[in-house]
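Read the structure below first, then the notes.
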Amino acid sequence: MSTSMKIGYYPGCSAKGSSLDYELSSSEVCRILGIVSSEIDEWNCCGSTPAHAVSTELSAALCTRNLVQATKQGADIVMTPCPSCLSNLRHARERMQNPEFKKRVDELLDEPAPEVLPEATSVMQMIGKLCSAEDIKSHVRQSLAGIRIAPYYGCLMSRPAELMNFGDPENPTLMEELLAACGADSVLDFPLKTECCGASAGIPHRPLTSVNSGRILDVAVKMEADCICVCCPLCQMNLDLRQKQAERQVNAKFGIPVLYYTQLMGLAFGCDPKTLGLNKLIVSADRIVDRIRALNTARKEAQGGNAA
Amino acid sequence: MRIGVFVCHCGSNIAGTVDCKAAAESALSLPDVVYATDLMYSCAEPGQAAIEKAIHDYALTGVVVASCSPRMHEPTFRRTVERAGLNRYMFEMANIREHVSWIGKDKVANTNKACELIAMAVAKLRNDRPLHSQSFDVTKKVLIIGGGIAGIQAALDCADGGIPVILVEREPTIGGKMAKLDKTFPTVDCSACILGPKMVDVAQHPNITLYACSEVEDITGYVGNFDVTIRKKTTYVDWDKCTGCGACTEKCPSKNVPDRFNENVGLTTAINIPFPQAIPKRASINPDYCRKLTTGKCGICAKICPTKAIDYERKDELINVKVGSVIAATGYDLMDWTVYEEYGGGRYPDVITSLQYERLLNASGPTGGHIKRPSDGKEPKRIVFIQCVGSRDKSIGRPLCSGFCCMYTAKQAVLTKDHIPDSQSYVFYMDIRAAGKLYDEFTRRAVEEYGTEYIRGRVSKIYPDGNGQLIVCGSDTLLGQRVEVPCDLVVLAVGINASKGASHLAEKLRISYDQYGFFLEGHPKLRPVETNTAGVFLAGVCQGTKDIPSSVAQGSAAAAKVLSLFARDKLENDPQIAHVNAARCVACGKCIRCCPFGAIREEEFRGQLKAKVIDTVCQGCGLCTATCPQGAIQLSHATDNEILAEVNQLCQF
Amino acid sequence: MPVLEGKELRIVAFLCNWCSYGGADTAGVARATQPTDLRIIRVPCSGRIDPLFILRALLNGADGVLVSGCHPNDCHYSAGNFYARRRLEVLKQFLPILGIDDRRFEYTWVSASEGARWQQVVTNFTARIHELGPAPRLEDAEPLLEMAEMALKPLRPLGTGQKAPLDELKNAIKARIKDLDVVIGWQKGDDDAHTIPLFMRSEEDVDRLVWGPFNVNNPATYVNELIGSALPLAKKKKIGLVVKGCDSKSVVELLQEKLIDKENIVLFALPCEGTFDMARIDRELGRYLKIDKVEYDEAGVTITADGKEHRFCIADYAQGKCYNCSMPLAKNADESFGDMPQITGTPVTPPELAMLDAMTLEQRFSFWKGEMDRCLRCYACRNACPMCVCRDYCIADTREPHFISQEWSVREKIYFQCIHAMHLAGRCTLCGECQRACPVGIPILALRQQIARVISQLFDNYQCGMDPEATPPLLCYQVNEEHIKQREL
Amino acid sequence: MQDTPLNIVQGRDLSFIREVEAESGQKVSNCYQCGNCSAGCPAAFTYDLQTNQIMRAVQLGLKDKVLNSKSIWMCLSCSTCSLRCPNNIDVANVMETLRHMARRENRVNVPVMNKFWLSFLNTVRAFGRSFEIGTMVLYMLRSLRLTTDVDLAPGALSKGKLGFKPHVVPDGGAKAVARIFRRYEERARREGVRP
């Protein structure tokens with residue numbers, strides 16, 4: 001994997017806290033796939049939902065500072081694992097093209113932002129762009145075949161469609177493509193893949209999250225998924241950390257592990273579950289790990305038997 | 001030249017924002033203008049009489065009327081001046097209504113503009129020459145494209161009127177969409193029962209020649225004399241021999257063929273007859289699935305056929321016919337609703353179109369008239385109908401209302417209750433559009449007598465709950481609450497487009513079409529059946545959304561247009577065509593190269609080659625005039641000098 | 001007709017009857033408010049619009065001209081707008097060379113149902129013209145005279161052609177002259193420093209044929225009169241033509257347009273090493289009584305006039321076109337002698353055009369005002385043009401149609417040059433005879449060069465006079481034009 | 001409010017319609033009240049006015065009704081409404097615009113939401129980055145909801161998911177962020193709106 005493009009890495013705050021495992025697994029997967037990036041110096045919080053809920057200008061100022069930092073260290077493009085951060089960075093970049101808006105934001109910054117800011121993209125799109133299915137396949141040590149995976153993107157990754165450029169906003173398929181390259185053949189056509197999980201409302205208004213997350217978990221369990229595969233720290237938190245709250249809300253038992261797609265890819269690449277941060281999950285993913293191993297062993301034996 | 005100028009008030013339509021009297025007075029200063037006045041309504045009888053009188057009183061040789069658009073009343077005033085003894089082309093119009101009085105309120109600017117437009121018209125008129133039509137023969141035969149209910153009605157009416165009809169149908173049977181329907185609203189009578197006899201009439205009428213499985217390949221010519229090439233697509237069956245006995249369909253081993261007639265719910269055989277009442281009742285082979293044609297091994301149908309009609313080598317045939325008029329009745333197709341990913345994008349088997357549901361209701365359909373849902377064949381108990389799928393949706397570029405969905409959805413809800421008494425239907429709607437005779441009464445019956453639940457709101461999402469049910473997420477905007485309906489089957493009232501390929505046909509017919517492929521009528525109110533191409537008429541949904549009674553009415557209307565066109569033995573051509581000034585022609589052939597109609601040819605004239613226009617073929621576009629460097633070929637009534645006169649009148653340094 | 005003082009500008013619109021005129025009606029019916037400046041001329045089809053109407057309007061003081069037709073694919077006459085699109089785009093890109101801002105002319109498509117779109121088009125176009133303000137008037141322009149720097153670096157070595165196998169050529173002509181009515185070449189003129197056309201009818205005539213840098217005339221100019229399509233069939237001759245590479249392009253173009261038949265013409269070719277720009281030579285020689293002698297060497301000639309020696313190096317005194325010449329030897333000749341020289345490099349912008357390119361719009365306008373003021377309306381440019389096949393039926397000489405008046409004004413003189421340029425669009429081989437023939441030395445070739453450049457850019461590098469089988473680009477179209485980018489209004 | 005009929009002539013604030021349209025860039029008259037926005041809204045059950053009712057109220061210029069509603073604070077900004085609107089209205093953008101307008105006018109009808117946001121932003125202001133415990137503690141202090149999510153804490157803390165230590169942006173980055181906030185607040189005060 002070689003590219004002349006310099007990638008600035010924007011982890012987002014949750015990568016240093018609640019989604020440590022996301023950061024661990026995505027950096028591991030990127031390392032294996034040969035995607036080189038350097039963390040943006042002195043990056044700051046993008047402001048998340050609260051900033052734009054309060055003021056788009058404040059939100060844009062916080063994001064613009066990060067993009068400017070990236071430019072200063074020579075990045076051509078900024079990559080982040082978090083859809084919420086990505087959405088904010090992209091919104092900011094787009095709004096800054098409006099001269100009046102830019103003027104108002106520049107007033108908030110230490111110095112006016114340059115006319116051209118680098119583009120932002122997700123780790124997932126970067127993998128999809130730089131690595132072909134063949135590239136990914138070549139790293140697979142343990143196929144994900146046989147694991148019933150419910151792919152879940154959440155609402156931010158693909159919306160708004162013009163801005164995020166992530167395929168059909170109702171039915172994105174990039175995650176499925178990456179998983180398929182890792183041998184996954186039982187990825188479900190998950191109908192709620194872009195429905196909102198309740199987002200950050202979990203803290204101030206718990207039912208808002210538990211009702212929405214509960215529905216997603218409920219359908220995934222009914223569809224007999226082994227696990228849910230996510231790409232957003234907030235979704236992961238709502239579906240995993242708050243799974244018990246959701247169970248109480250909809251009066252059901254789920255117990256379904258919620259993994260980042262990078263964790264599943266890492267497992268397929270044969271990484272140690274610990275380096276992927278699997279021990280950080282609230283609902284244990286041990287049975288997924290075991291099942292992948294068992295299925296692969298069984299297949300190997302079956303093949304060996306045939307060969308003999 | 002002696003020119004009279006008449007400035008029309010059009011009541012207050014023009015006079016409200018244009019000083020018509022001043023405009024008329026200013027015209028008097030123009031060269032050759034000997035008389036100018038303003039009139040209250042120039043198109044009304046007193047107005048026309050005033051023009052005629054002025055022509056006599058002032059010995060006028062040309063007339064300018066400043067009023068509405070020439071697209072509206074040019075023919076009216078041409079007849080007026082003709083009655084007064086002038087050549088009808090010694091007349092010009094200045095459009096001071098649509099282009100002046102209606103688009104601005106500044107009276108000074110408007111009056112000035114009106115004066116200038118009048119001056120331009122006078123300048124052009126001074127270059128006009130009298131023109132005379134030539135008459136030519138008419139082929140009294142009509143081509144009808146499309147054998148749905150509109151085409152059938154038009155064919156029968158023309159044929160009864162004594163006109164030979166060529167009816168071309170793309171599918172193996174006529175009947176169109178109506179043949180697929182179970183019942184029709186608001187009377188809930190059987191569609192096949194009322195359509196069937198008409199289809200039989202078509203087959204038996206001595207004046208009708210039916211070409212099924214055929215398409216129009218090419219059309220050239222002009223009103224009265226069109227040359228049509230029809231491609232008769234091969235069915236691999238000699239239809240002269242086939243009796244429609246159906247023996248082949250019983251024995252055909254290729255049984256997993258998507259059934260087009262049944263909207264791909266259910267399967268059929270590679271050789272098949274679409275449905276029992278098909279006209280013509282003939283078998284045809286689907287070459288994509290026929291084992292003989294795909295693998296070379298089989299040939300069972302050929303062996304079994306009692307009349308030896310099967311011929312695997314059979315090729316398409318091209319048939320040439322000459323007709324005097326064309327009726328397009330090509331109908332519609334459903335839009336591709338799979339763009340609605342939030343409704344599953346076609347991936348959920350139990351989310352179907354209303355036309356598919358119609359086949360499930362139909363006794364001759366794939367389920368024998370028992371409603372069984374596609375996924376598992378179970379009888380659905382809770383059915384959700386969603387209206388306006390692909391209609392009234394700007395976000396996918398389809399702001400149109402498809403017109404008849406409200407009504408058939410009510411009908412399907414009623415029929416559902418008839419078929420499955422313990423079922424419950426829910427209809428998500430935005431507005432109920434039931435403006436026909438007995439229509440609103442019908443939708444009320446669906447609610448009041450059949451217990452259909454109408455919920456006012458669009459549906460945001462459909463998803464399978466993992467337990468074999470679908471969850472429909474909508475909202476009840478009247479209540480102000482979200483609504484979720486767990487159900488067994490979802491029926492989408494999918495919006496319509498003009499039938500596939502309509503735009504290609506339009507280009508062959510040289511008629512216009514809109515973004516959905518619907519053909520453009522001559523005038524939205526006053527010429528709904530005509531097109532801008534003389535001799536080409538429209539019937540049915542190809543012109544815009546319509547229900548069955550309206551389609552039948554337009555079919556008859558189109559037939560009436562054909563009959564009145566053919567009531568004359570000779571037609572007159574439009575003299576506004578190109579003419580070659582042989583003296584100036586250097587035979588460079590540029591006009592011949594670019595004429596879109598092949599209306600110019602090279603002819604020897606006094607030992608020299610010259611271009612020559614074929615009067616009846618020339619359509620009067622003037623491309624040749626713009627191409628000829630010597631100005632040797634001039635389009636009558638839009639000559640270089642006439643246009644230059646307008647330019648020079650307007651632009652004087 | 002004066003425009004409404006201070007409020008309106010003169011904007012002319014040509015609308016096709018079926019779509020756009022209907023669209024304007026629809027806008028009216030919908031009471032869609034519009035600026036009042038626009039005056040509509042109704043034509044049956046956008047294909048009816050001769051670009052000369054638009055030029056007439058612009059030269060006559062229109063501040064803006066708008067054309068609107070049916071959308072591509074929707075033409076009532078099936079293809080008129082496709083032809084119009086090519087012609088109008090060529091016109092639009094031609095305008096700036098005259099010093100006319102091309103934003104003053106626009107074309108677009110509006111259908112009969114698009115009343116709202118028409119309103120938007122009118123509003124936007126009128127706003128654009130008001131932003132540009134009143135168009136500059138020829139009457140107000142200050143004449144500007146400027147000369148182009150002609151000497152350039154040639155694409156192949158220039159020379160005096162004295163080593164060309166002229167004798168072999170003469171023998172070849174002699175062998176075929178019996179079958180031909182006439183063979184046209186060059187002979188010595190009044191003196192050794194000038195040539196005149198030679199019409200060879202016998203073997204003796206052939207011996208008078210000369211070859212060298214004074215062979216400036218394009219003999220193809222005579223072809224149309226002898227074998228052109230307008231001739232009575234019985235009067236068509238069989239002719240031979242001795243050609244330089246550039247001359248042969250005119251013949252190929254005539255063949256391509258089917259104005260002459262291949263069977264009526266035989267081409268004899270030698271490799272050309274460049275021809276002199278006689279205007280500059282004559283200027284240098286000044287007045288003289290007698291040319292004493294002309295001595296050739298490889299790099300040029302030395303002319304002794306009235307005892308005074310003048311040295312003309314071909315690399316400094318060649319015609320502008322010779323520097324860019326990449327076909328010194330005709331490719332399609334029937335009898336060809338000598339070798340095609342090696343061509344290195346690619347053609348550059350011709351000097352006349354480069355000079356205009358460097359000017360502002362106002363300067364170009366002033367330039368043409370100044371240059372065309374000197375025009376004598378002698379029509380030598382037209383008469384020398386091998387592509388001007390109309391001859392006696394040129395629209396400049398008639399009132400049917402009456403495009404141009406006899407008024408002695410710069411406006412009419414420029415308009416004639418526009419007519420010539422437009423009639424040459426997609427046809428002109430840039431032989432330069434028009435400019436060479438001009439007795440007052442107006443660089444009118446620049447207008448043809450601009451047209452040729454536009455044609456080449458719009459239609460895949462199309463070069464006129466190269467392929468007898470090609471279709472002239474303005475007599476055909478593509479449904480999706482690759483290089484014509486529609487501008488939104 | 002429901003009891004008295006709306007005076008359709010006098011009871012409306014037409015300038016409010018224009019303000020919303022100008023600030024959001026959306027044409028609210030394009031809405032034909034199909035209800036799709038409400039149908040897909042994940043927060044709808046917490047709303048006092050459904051999304052389409054908000055849109056209707058904006059169409060009518062019922063400023064108080066809109067800006068005093070709870071709905072605009074409960075919106076999750078998931079954009080489902082915008083995505084599925086058949087009239088291409090960015091409804092989420094309208095909701096956000098209304099929220100901004102309400103804040104500026106000091107009308108905050110769901111203080112918990114606002115407090116949560118401010119807690120979050122205060123953390124960012126202080127450290128340049130957010131950290132969950134800090135947000136949560138601040139939020140609990142502000143909202144006096146001391147038991148919020150305490151059920152989650154043992155699990156999350158043991159997994160190292162909720163950091164106790166804030167991640168301070170190194171090398172003066174945090175100060176740069178603080179300066180952004182300071183300028184923002186100063187300007188808001190200058191313009192007389194609630195920051």
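Labels below follow one simple rule: chain letters A, B, ... track the order of the sequence lines, proteins then strands, and each chain is numbered from 1.
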What part of D/Thr46 lies closer than 4.5 angstrom to a heavy atom of chain A: side chain, backbone, both or neither? side chain

Side chains of A/Thr194 and D/Leu83: does their closest heavy-atom pair fall under 4.5 Å? no

Can you check whether D/Gly128's main-chain N or O pairs, donor with acceptor, with A/Asn44's side chain at less than 3.5 Å? no

Counting heavy-atom pairs closer than 4.5 Å to chain A, which one of D/Glu186, D/Arg182, D/Arg84 comes out on top? D/Arg84

Any residues in residues 18-41 of chain D near chain A, with a heavy-atom distance under 4.5 Å, and which are they? none

Answer yes or no: are there more than 12 heavy-atom neighbours, outside D/Asn7 itself, under 6.0 Å from its atom CG? yes

Taking all heavy atoms of A/Gly47 and all of D/Phe120, pick out the closest pair and write down the distance. O-CE2, 3.5 Å

Check step by step if side-chain contact (heavy atoms from CB on, under 4.5 Å) holds for A/Cys45 and D/Phe127. CA-CA 9 Å; A/Cys45 177; D/Phe127 305 109; over 6 Å; no

Hey, what do you get for OH (D/Tyr47) to CG (A/Leu208), rounding to the nearest 0.5 Å? 8.0 Å

Can you check whether anything in residues 66-78 of chain D gets within less than 4.5 Å of chain A, heavy-atom wise, and list it by number? D/Met74, D/Leu76, D/Ser77, D/Cys78

Salt bridge present between D/Arg183 and A/Asp110 (N-O < 4.0 angstrom): yes

Worked verdict on D/His100 versus A/Val54 for side-chain contact (heavy atoms from CB on, under 4.5 Å): CA-CA 6 Å; D/His100 293 160; A/Val54 165; 5.8 Å; no

Rounded distance (nearest 0.5 Å) linking atom OG1 of A/Thr49 with atom CZ of D/Phe116: 8.0 Å

Max heavy-atom pairs within cutoff under 4.5 Å with chain D, candidates A/His52, A/Glu107, A/Glu57, goes to A/His52

Any salt bridge linking A/Arg104 with D/Glu191? Criterion: basic side-chain nitrogen under 4.0 Å from a carboxylate oxygen. yes

Only pairs of heavy atoms separated by less than 4.5 Å count here; which of A/Pro50, A/Ser87, A/Gly277, A/Ala61 has the most with chain D? A/Pro50

D/Arg99 side chain vs A/Ser55 backbone, donor-acceptor pair below 3.5 Å: no

Do any side-chain atoms of residues 161-168 of chain A form donor-acceptor pairs under 3.5 angstrom with protein atoms, and if so which ones, sequence neighbours left out?
from, atom 1, to, atom 2, distance (Å)
A/Asp168, OD1, A/Glu170, N, 2.7
A/Asp168, OD1, A/Asn171, N, 3.3

Per-residue contacts, residues 174-181 of chain D versus chain A, heavy atoms under 4.5 Å: D/Ala176, D/Val177, D/Arg179, D/Ile180, D/Phe181

Heavy-atom pair count under 4.5 Å with chain A, highest-scoring of D/Leu121, D/Val124, D/Val110: D/Leu121

How long is the straight-line distance from CG of A/Leu58 back to OH of D/Tyr184, given to the nearest 0.5 Å? 5.5 Å

Could you tell me whether a side-chain N or O of D/Arg129 sits under 3.5 Å from a main-chain N or O of A/Gly12, the two making a donor and an acceptor? no

Which value, rounded to the nearest 0.5 Å, describes the distance between D/Thr80 atom OG1 and A/Arg159 atom CZ? 3.5 Å

